[in-house]
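Residue numbers start from 1 in every chain, and the chains themselves are labelled A, B, ... in the order their sequence lines are given, proteins ahead of strands. Just so we're clear, the structure is a prediction, and the values are computed from it rather than from any experiment.
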4 protein chains.
Amino acid sequence: MSPDPARRSERSRQAILTATRELLFEVGYPKLTIEAIAARAGVGKQTIYRWWPSKGAVMFDSLLPAPAGAPELALPDTGDVEADLKTVLRAIAEEFETPYLDQMTRALATEVHNDPTLGEEMVKRLLMPHLEATKERLRSAQAAGQLAAGLDLQAAVEMLFAPLFYRWMLRIGPLTPEYADTVATMAVAAMRPH
Amino acid sequence: MSPDPARRSERSRQAILTATRELLFEVGYPKLTIEAIAARAGVGKQTIYRWWPSKGAVMFDSLLPAPAGAPELALPDTGDVEADLKTVLRAIAEEFETPYLDQMTRALATEVHNDPTLGEEMVKRLLMPHLEATKERLRSAQAAGQLAAGLDLQAAVEMLFAPLFYRWMLRIGPLTPEYADTVATMAVAAMRPH
Amino acid sequence: MSPDPARRSERSRQAILTATRELLFEVGYPKLTIEAIAARAGVGKQTIYRWWPSKGAVMFDSLLPAPAGAPELALPDTGDVEADLKTVLRAIAEEFETPYLDQMTRALATEVHNDPTLGEEMVKRLLMPHLEATKERLRSAQAAGQLAAGLDLQAAVEMLFAPLFYRWMLRIGPLTPEYADTVATMAVAAMRPH
Amino acid sequence: MSPDPARRSERSRQAILTATRELLFEVGYPKLTIEAIAARAGVGKQTIYRWWPSKGAVMFDSLLPAPAGAPELALPDTGDVEADLKTVLRAIAEEFETPYLDQMTRALATEVHNDPTLGEEMVKRLLMPHLEATKERLRSAQAAGQLAAGLDLQAAVEMLFAPLFYRWMLRIGPLTPEYADTVATMAVAAMRPH
DNA sequence: AATTAACCGAGACGGTACGTCCTGTCTTGTA
DNA sequence: TACAAGACAGGACGTACCGTCTCGGTTAATT
């Protein structure tokens, strides 16, 4: 019934993912079509439909690191939480400002809205590692007494990342390093003891 | 060249917007088609293409209050900022949890990604009034000495709304009243003097 | 109910007929549209619909002489019927070979197929005068004893014109002067006494 | 680039031709639409556009015998040319008077005007066989000394068929058996020796 | 080594929607 | 009230993709 992954052509798989990435960049997600991917990849359409359930799924696989390949992220730990978080937030802000990454991330986000399954997938593969790594750094700061003991860590990391995401998605304003610093400063203020 | 707005049929305009709203709810944004809108509204397709540049623009007009009609919002002011903000955030959380509003807001968000023009429009029509009203309340609290004098008000309001939006969009967790309270508490902590 | 011809704008009428003729030549009958005629003539579409029942009718009026204006045709009469008919048939053959007239006549013919009313109109306005004039010449030849007395004149004139029309319409072969002569010779042979 | 005829669906081809024939009869050629054909045939529009260049071409294939299938026609040969030709012309006159055939032939003729390619096709497939068969009969009569030896056979056959076609197309008069006889008699008179 | 069963490239198929064009009617403002 | 202008409901156009379906032609792995 369902196809045999053992006989899958790695060659075709790579060609499809590469073609998808190229086309995503060239024409954007809304104008991305299965036919174009197949043509560019030199592949039959059926080969795409055989292995992926939707256009969004192909795009996800083409942009996201393989589930297994998710590296163990770790934040810098200089002993100064606020400084370390600033470093991280500045890096994220810079990424969002990169046109290529901006475009790709918006493509992902578009699909996340309309397909909860893919949303879950993305959160798991892409977001959770970052959130968990950040939580780990906050725990270390807690242990050092820099942050409140009873802190809701989940809410705390969301408070760190959410403002950048919010600005980026709604294009409310530019994601400058200064803004990243402001967010870090305010968030840390909210987490301090007392 | 471009059509004369003075001769526009108000009857057709309303029929189109109503049909769009109904279909959005019934089939969802990705399956919304111009043909279906025209058919439901009893309108020629050309009449839609004449007045709107894209499917997204029709949807926007059907969901968003008219620019002129944007009401002057004002937040409650009991004297206790934190309590007032909790009230507001709880209300927003509740809205996002309503299936109908959830669906509509996702439709808007999808389009915002792919059309900066519409994004700007939405921010201006829908978001800014809320942000401005909230800023006003924060100013009043500053005057009362409850918040730091040098506070970056724009960053502050974003820190209030962003976490709810973040959770909602990425479906990271439920938007409970408790979560709304947590966000408000933390954000206010970040804004306090010292 | 129906419009008052007394108030009809002669200016518009002429502009419409001229525009129609120009467009017929430029784009051909199948691509001729009422909108284009109106635009070219600087006229409202309604003005066309008010005075003509169909696209074909406009074309007819634009190409055919006014009913009243049908000139009294008369064939040459040198005393030699065959020679006179050759003169006439050669002239007709030449007309059909003129690209402009070829195109216009085909436009008329197309419409004649699909609208018997227009067909009748065309026959009456364009064809009958020629047929009658030719009949008249044949009668004169009969009187001179050159043609059979009991000749079916209607059948005879049709036998003269039909072959040219046939070749032209079906593009079976070129309408050369030689062919015109052959037709005249054979037809006259068929009409001679005995 | 162009489609592979080997993979063409015979099922669809037949369905399209049948649907076209039915619709031609039901609504007439000017109101025949590709959409209606596709719908009636249970076929995608693209399948029609893939294999035929125009609406006229579909109609032609639906009405005309396949090129290969053109039967070898032969006229009766009783030894009396005039009688044999009367038989043939009466048959043709009768065909043109049949409402169904009249309608179909007019549809063909309409398209012939506007597309020389189709005209050629029709002449080759439909007309030439008849003309050639008739020429053959005339040759046999020539051999028997009934017709002039130096006769221009092409002009002769055209003189036989053209008058019927002329009357039919321009609706000048009814195609009665008597008229068929008159045409045959006159034409034969034109072909006789001397 | 021959067989066989799957994946593969290719692309025809029945469909749906697109965005454009035109039809014939209706409405508005001008002369 | 005829007119120029053009918005309107409707509907066909020809195109682009969708997702499914054959069709040979390679590959494997099994006989």
So is Lys55(D) actually on top of Tyr29(D)'s ring, under 6.0 Å and inside 45° of the axis? yes
Applying side chain to side chain contact (heavy atoms under 4.5 Å, CB included) to Ala36(A) and not counting sequence neighbours gives Leu23(A), Thr33(A)
Those residues at least two apart in sequence (or on a different chain) that pass side-chain hydrogen bond (donor to acceptor under 3.5 Å, both in side chains) with Gln14(C) are Glu10(C)
- With the side chain counted from C-beta on, respond yes when Phe60(D) and Val112(D) share a heavy-atom pair under 4.5 Å apart, and no when they do not. yes
Sequence neighbours excluded, the answer for side chain to side chain contact (heavy atoms under 4.5 Å, CB included) partners of Thr47(A) is Ser12(A), Ile16(A), Val43(A), Arg50(A), Trp51(A)
Within the structure, does a side-chain N or O atom of Thr47(A) lie under 4.0 Å from either OP1 or OP2 of dG9(E)?
yes
Arg40(B) atom CZ is separated from dG10(F) atom C1', nearest whole Å, by 19 Å
Under a 4.0 Å heavy-atom cutoff, the residues of residues 8-17 of chain C touching DNA chain F are Arg8(C), Ser9(C), Ser12(C)
Atom CD1 of Ile48(D) and atom C1' of dA12(F) are separated, to the nearest Å, by 13 Å
Whole-Å distance, Ile37(A) CD1 to dA10(E) P, equals 15 Å
To the nearest angstrom, the CG-C1' distance between Asp4(D) and dG11(E) comes to 9 Å
Which protein N or O atoms sit under 3.5 Å from an N or O of nucleotides 20-22 of chain E?
from	atom 1	to	atom 2	distance (Å)
dC21(E)	N4	Gln46(B)	OE1	2.8

Residues 24-44 of chain D vs salt bridge (charged side-chain N to carboxylate O under 4.0 Å, His left out), sequence neighbours excluded, gives Glu22(D)-Arg40(D), Glu26(D)-Arg40(D), Glu35(D)-Lys45(D)
Whole-Å distance, Trp51(B) CH2 to dG6(F) P, equals 12 Å
(Q) Gln103(B) vs Leu24(B), test: side chain to side chain contact (heavy atoms under 4.5 Å, CB included). Steps then yes/no. (A) CA-CA 8 Å; Gln103(B) 199 172 343; Leu24(B) 258 178; over 6 Å; no
Across all chains, not counting sequence neighbours, the side-chain hydrogen bond (donor to acceptor under 3.5 Å, both in side chains) partners of Asp61(C) are Trp52(C), Arg125(C)
Sorted by chain and residue number, the side-chain hydrogen bond (donor to acceptor under 3.5 Å, both in side chains) partners of Thr117(A) (sequence neighbours excluded) come out as Asp115(A)
Side chain to side chain contact (heavy atoms under 4.5 Å, CB included) filter on Arg21(D), not counting sequence neighbours, yields Leu17(D), Thr18(D), Ser62(D), Leu63(D), Tyr100(D)
Atom CZ of Arg50(A) and atom P of dT22(F) are separated, to the nearest Å, by 14 Å
CD of Glu111(B) to OG of Ser54(B), rounded to nearest 0.5 Å, is 6.0 Å
Under 3.5 Å, which protein N or O atoms sit close to an N or O of nucleotides 26-31 of chain F? Give each pair with its distance.
from	atom 1	to	atom 2	distance (Å)
dT27(F)	O2	Arg7(A)	NH2	3.3

